[in-house]
Each structure stands twice: as C-alpha cells, then as structure tokens.
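Here's the structure, in structure tokens; my notes come after.
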Amino acid sequence: MPSLRLTLAKNSNQQQRTVVLVSIPDLTNASCSIVTKEMTQFRQRIIQFAKTKLRLTRACRVFLADGTEVWGHDLDLWRRLENDGVILVSAGEDYIGTQKPQTNTNDIPVTILAHHVEIDPLATSQLKALCNLDGVVRVVGMPDLHPGNRFPIGAVVVSEGCAYPALVGSDVGCGMSLFTTSLGCNLSPEKTAQKIRDIEGPWLDGCTIDWLAEANVSPTAFDDQLGTVGAGNHFAEIQVVEHVEDEGMLRDLGIDVGKALLLVHSGSRALGPSILAKHASAPTVPLNYPSSELTAYLSDHNMAMRWASRNRDLIAQRLLSRLNTNPERKLLDMCHNWMEMVSTDTQTQFIHRKGAAPSDRGLCVIPGSRGSFSYLFLPNPTAQPHTANSLAHGAGRTTTRKKALASLPSKYGKTPQAMEGLRRTHLGSVVVCDEKDLLYEEAPECYKEVDSVVKDLVEANVGRVIATLRPVVTYKVRKM
Ligand SMILES: Nc1nc2c(ncn2[C@@H]2O[C@H](COP(=O)(O)O)[C@@H](O)[C@H]2O)c(=O)[nH]1
Ligand SMILES: [Mn+2]
C-alpha cells in the first residue's frame with residue numbers, strides 16, 4: 001500500500017505542525033462502502049496523530065488545505081490527497097483557512113507561545129492583523145491569548161516610530177498585586193466570606209488626596225472609585241500556599257507558608273477609559289514618535305498606572321481591615337495593560353502589553369480562575385526577544401461572557417442549590433458575589449487551564465514556578 005507524507009497542522013494555530021506518513025490504498029475501482037470505510041479509517045488515523053503529535057486532545061474534524069472537510073465517501077477528495085500536502089485538524093471549530101507559519105505578508109515575526117493550550121482562531125487572526133499596523137515590528141501571543149472586541153487579549157505588540165493607545169486598551173494600569181498578611185492559613189472560607197462584603201462604596205475612612213499623593217498622583221475626577229475592585233473580571237482573593245517548588249526562594253521572598261496571602265486584581269477604574277478617549281482618535285491611528293501628543297498620552301498613562309497601583313493597595317487595606325488586620329508587605333505589583341518605551345543608543349521601541357506581564361521585572365503571579373491554583377512564577381532575568389520580554393497574565397478566557405450567560409444557566413439551573421454549587425469550587429473556596437449573572441460569566445470553566453498555560457511558559461524558557469497558591473475566598477462583586 002503506498003504512503004503519503006502529509007503535514008498536519010492545527011486548524012486554530014497553524015504554527016504547530018508535524019509531518020506524518022499515512023498509507024493510502026488505491027480506491028479507483030472500490031465500491032462506495034469500501035471508500036467510506038477507508039476514508040473513515042484515514043480520518044481516524046489523522047485524528048490520532050493530531051492527538052499524540054500535536055497534543056490536540058479534542059481533535060475531531062479534518063480538513064484539506066482548501067477547506068474541504070474529510071468525511072463520507074468523496075473519491076474526488078481522496079484523489080486530491082498528495083505528497084507534502086497540508087491537512088488541518090480542528091477541535092470542533094470551523095475551518096479558518098491556511099496561514100503562513102511565523103510570518104505575515106509584511107514579514108513581521110508573529111510568535112504564539114502555545115503548545116499545550118488551545119488558541120481561539122479568532123484570537124489568532126486578530127493577532128496577525130496587528131502586523132498590518134504602521135510601525136509594528138513584532139507581535140507575540142501569550143498562551144492565555146483570547147479574542148477581544150477588536151484586539152486580542154494576552155498580546156504583546158512592539159512598534160517603532162509610533163505607538164497605539166488602543167493597543168493598551170481602556171483599563172490602563174490594570175494589574176496584580178500580591179500581599180503577605182498576618183492571617184493564618186487555616187481560615188474558614190465561609191466565616192471569612194461573611195466579613196468581607198460591601199467594600200465597593202467610596203472610601204470614607206481616609207483622604208484619597210493624601211493616598212494618591214504618596215504615589216505622586218494629583219486628584220482626579222474619578223477618585224470616589226479609589227479602593228474599589230470594579231468589573232467582574234477583577235477580584236481580590238485570599239490564598240494560601242498549596243505546593244512549594246523552590247523552598248529557598250520562598251524563604252528569600254519572606255513568604256511564610258503558614259500565613260495567607262492576598263491577591264488583588266484591579267485597574268484604573270473610570271480613569272483609564274477617560275485617558276483612552278482623550279488621546280486615541282481611532283483605534284488604528286497611531287501617535288507618532290517623537291510628538292507632543294505621544295508625550296501627553298504617556299504622561300497620563302503613567303499617572304493612571306500609579307493610580308491603579310494605589311487602588312490595589314487601598315483595596316488590600318480595606319479588605320483586610322474587615323478581618324482586623326492590614327497588608328504586611330507587597331510581594332509584587334505587576335501591571336498587564338500598559339505601554340513601555342524602551343530606548344537604546346540606536347532606536348526607541350514601544351512595547352504594548354494588553355493582558356501580558358513584563359518578564360524583566362521580577363516575580364509574577366499567574367492566576368487561573370477562582371476555581372484553580374495561581375502560580376507564583378519567577379521569569380528568567382535574561383532578555384527574551386521571542387516573547388518581547390513578556391509573559392501570560394492569567395489563564396485567559398475560553399468562553400465569552402455572552403456565551404457563558406447563554407449556556408450555563410441551563411446547564412446548572414437557577415435554583416438556590418444550583419447557585420450555591422456555583423459559589424463553591426472543588427478546591428473548597430467560596431466566592432463573595434451576589435450577582436447571579438456574574439457567577440455564570442465568571443465561572444471557573446470559562447477560563448483556560450492555567451496549568452497548561454504555565455507549562456507553555458516553562459517550555460518556552462520564560463521562567464519557572466516557585467509555588468502554587470490555593471484560593472480560599474474570592475471577592476468578586478460588581479459590574480461597572
Ligand atoms: N485566582 C483567580 N483568577 C482569576 C479570577 N478571575 C479571573 N482570573 C484570572 O485572571 C486573569 C485576569 O485577566 P484580565 O484579562 O481580566 O486582566 C484571567 O485571565 C483569569 O485567568 C478569580 O476570581 N480568581
Ligand atoms: Mn486585568
């Protein structure tokens with residue numbers, strides 16, 4: 001029986017390819033049932049290859065490079081199988097067309113750091129489309145890459161000669177801060193949850209002007225939101241150390257495994273959108289470098305980053321005061337929506353991070369969802385051009401909020417018991433959240449598996465795991 005050498009690629013991320021040899025019988029005079037049988041076996045062999053060689057565990061559909069689905073008893077399709085042909089395998093999604101690996105028409109390098117994680121084809125095409133923007137010299141998708149409204153999330157875009165406020169988005173300065181606390185690690189999730197309700201109102205126990213002045217931020221029109229977590233993807237979470245990978249490093253960091261930690265994820269609330277609206281005339285119109293417009297944007301952007309950082313500090317203080325304690329030490333404060341200007345003797349580049357953390361500023365935390373572990377992650381300090389010195393900021397969504405709202409209520413039901421089930425996670429943690437829709441939109445199953453995200457980062461030599469953290473109580477309340 002003759003064999004064909006075929007290149008198998010994931011339909012969703014065609015940078016992942018593998019060459020296989022498949023035996024192909026001559027079906028010229030075969031009956032319809034034999035053709036069907038052989039085609040089915042061929043399809044199954046391809047799916048099996050995709051599962052083992054491309055690690056596409058949910059492989060189920062097979063396409064020729066022109067989009068014809070391999071199915072049924074189409075003898076013409078059989079004839080079109082040729083040596084060195086490309087076969088695309090999908091995990092259920094529709095055919096998205098063949099793409100050139102690694103490059104786009106402008107020859108801009110595109111890297112997607114995903115081998116264990118599925119990437120939504122829409123996110124891939126949103127990422128590749130970024131190469132067509134003037135001045136863009138490199139585009140990187142993190143394993144948590146997922147589609148955004150127009151631009152993808154989990155993306156890094158490097159440009160020269162100009163910069164794009166829209167690529168940072170509206171929540172300028174959003175990030176993760178991790179604090180040590182004096183709370184013991186055997187906290188009761190339920191009792192703790194009872195105590196940390198209703199901390200979303202304006203902060204009345206102190207002076208926002210003084211609080212911001214410490215970070216050299218003048219008062220803004222949005223300071224009544226200072227100390228509030230904001231929209232549903234933001235959260236504050238009490239966590240405990242689950243597993244220690246590097247004991248020495250944990251000791252050096254001053255982390256006591258017997259004490260709880262507090263992770264705060266929030267941004268610049270309504271301040272960020274006001275800055276984007278002020279400086280971006282249209283999403284794809286850049287601000288030139290050098291220009292007074294870009295300087296003005298960067299000045300407001302930097303201020304919003306400081307505001308967002310102080311916001312996280314205040315959230316930590318407000319939340320812990322309900323538990324009669326204070327944040328002890330800030331272990332890290334890592335922003336994932338921001339623009340970094342990097343100048344050398346010969347050039348100036350702008351690194352736009354939209355849902356991506358820097359890998360050259362020390363310790364990071366990579367959260368998964370309120371139902372999974374978070375990873376304390378130490379990036380390699382060496383420069384990493386292939387990642388534009390960046391790493392994943394979380395697990396990233398698998399399911400849009402809209403889809404979650406459309407599918408999860410019927411899956412779980414709306415009874416009080418069902419809602420109670422959603423409130424608890426299999427890790428024993430609970431969420432403080434009174435909005436039913438938000439419970440569906442932010443259900444742990446709407447996020448990718450963080451373990452695979454981290455595996456991809458480690459394999460791409462981005463850094464290493466120091467410890468994993470288990471959620472105890474997640475505070476996630478309000479929609480904007
Ligand atoms: N530990 C938790 N992680 C969570 C929760 N909700 C979301 N997430 C993760 O954080 C990132 C944040 O992404 P962003 O794009 O909204 O900035 C997200 O990708 C998830 O992986 C949670 O309640 N607890
Ligand atoms: Mn964020």
Side-chain angles (χ1 to χ4, degrees), residues 13 15 109-119 123-124 127 130 138-146 148 151-158 167-169 171 173-178 233 239 245-246 249 253 263-265 267 305 308-309 312 331-340 342 349-369 372-397 447-469:
N13 172 8
Q15 289 173 34
V110 178
T111 313
I112 302 182
L113 299 173
H115 291 279
H116 298 282
V117 178
E118 285 290 309
I119 302 291
T124 306
L127 188 79
L130 297 172
R138 178 179 287 277
V139 171
V140 186
M142 295 296 146
D144 56 338
L145 185 75
H146 59 283
F151 301 125
I153 297 153
V156 187
V157 181
V158 185
L167 290 183
V168 170
D171 196 1
C174 189
M176 307 272 172
S177 295
L178 186 65
N233 55 329
Q239 307 180 327
E245 198 78 23
D246 184 338
M249 181 56 69
L253 290 166
L263 175 63
V264 178
H265 169 221
M305 281 184 67
S309 169
R312 291 188 285 274
L331 284 167
L332 61 93
D333 182 346
M334 212 50 84
C335 183
H336 51 240
N337 291 350
W338 64 299
M339 184 186 293
E340 184 180 14
V342 184
Q349 292 192 327
F350 296 89
I351 305 178
H352 308 70
R353 293 188 176 94
K354 172 66 182 162
S359 63
D360 51 3
R361 296 181 179 217
L363 194 68
C364 287
V365 66
I366 306 175
S369 73
S372 63
F373 298 119
S374 294
Y375 282 77
L376 205 54
F377 192 86
L378 189 66
N380 290 332
T382 47
Q384 310 226 5
H386 68 300
T387 66
N389 289 344
S390 305
L391 74 152
H393 79 313
R397 296 191 76 94
Y447 288 96
K448 301 187 196 187
E449 270 186 27
V450 69
D451 309 358
S452 307
V453 168
V454 171
K455 205 167 174 188
D456 271 334
L457 293 174
V458 171
E459 285 183 10
N461 199 27
V462 175
R464 64 195 175 87
V465 176
I466 302 300
T468 56
L469 311 174

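Computed from heavy atoms alone, side chains included, the values below leave out hydrogens, waters and symmetry copies. Given the structure is predicted, the values throughout are model-derived calculations rather than measurements.
Contact record, Leu391 with Phe377: CD1-CD2, 3.5 Å, taken as the closest heavy-atom pair. Across all their heavy atoms, Gly362 and Leu378 have their closest contact at C-CD1, 4.5 Å. When all heavy atoms of Ala308 and Gly173 are compared, the pair lying nearest together is CB-O, 3.3 Å. Closest non-hydrogen pair, Gln384 versus Val462, comes out as NE2-O, 3.5 Å. Taking every heavy atom of both residues into account, Ala460 and Leu113 meet most closely at CB-CD2, 3.9 Å. A pairwise comparison of heavy atoms in Pro152 and Ala155 identifies O-CB, 3.8 Å as the closest pair.
With rounding to the nearest 0.5 Å, the separation of CD1 in Ile112 from OG1 in Thr124 is 4.0 Å. Distance check, rounded to the nearest 0.5 Å: CG of Leu253 to CG of Leu178 gives 10.0 Å. The CG atom of Asn233 sits 7.5 Å away from atom CG of Asp171, with the distance rounded to the nearest 0.5 Å. For the atom pair OG of Ser452 and NE2 of His115, the computed distance is 13.0 Å after rounding to the nearest 0.5 Å. With values rounded to the nearest 0.5 angstrom, Ser369 atom OG is found 10.5 Å from Arg397 atom CZ. The line from CG of Asp451 to NE2 of His116 is 11.5 Å long, rounded to the nearest 0.5 Å.
Ser177 contributes no side-chain N or O that, together with a main-chain N or O of Asp333, makes up a donor-acceptor pair within less than 3.5 Å. Judged purely by atom type and a 3.5 angstrom limit, Asp144 has no side-chain atom pairing as donor or acceptor with the backbone of Val453. In this structure a side-chain-to-backbone donor-acceptor pair under 3.5 Å is present from Ser390 to Ala388. Remark: the backbone N or O of His146 is not paired with any side-chain donor or acceptor of Lys448 at under 3.5 angstrom. In terms of modelled atom types and a separation under 3.5 Å, the side chain of Asn337 and the main chain of Lys354 share no donor-acceptor contact.
Side-chain contact between Thr387 and Thr111: absent, with no pair of heavy atoms (C-beta onward) separated by less than 4.5 Å. Looking at heavy atoms from C-beta onward, Ile119 lies out of side-chain contact with Leu127 at the 4.5 angstrom threshold. Within the 4.5 Å cutoff, the side chain of Val157 has no heavy atoms near those of the Phe350 side chain. For the pair Leu263 and Leu469, the minimum side-chain heavy-atom distance is 4.5 Å or more. Side chains of Met334 and Pro358 form a contact here, defined as non-hydrogen atoms less than 4.5 Å apart. Looking only at side-chain heavy atoms (C-beta outward), Val365 and Leu331 stay at 4.5 Å or farther from each other. For the pair Leu376/Leu332, a side-chain contact is recorded, criterion being any heavy-atom separation below 4.5 Å from C-beta on. Taking the side chain as every heavy atom from C-beta outward, Arg353 and Asn389 approach each other to under 4.5 Å.
Partners of His265 by ring pair (Phe, Tyr, Trp, His ring centres under 6.0 Å), not counting sequence neighbours, listed by chain and number: His234, Phe235, His336.
Surrounding CD of Glu340 are more than 12 heavy atoms belonging to other residues, nucleotides or ligands, all under 6.0 Å away.
Glu245 and Arg464 are not joined by a salt bridge, as no carboxylate oxygen comes within less than 4.0 angstrom of a charged side-chain nitrogen.
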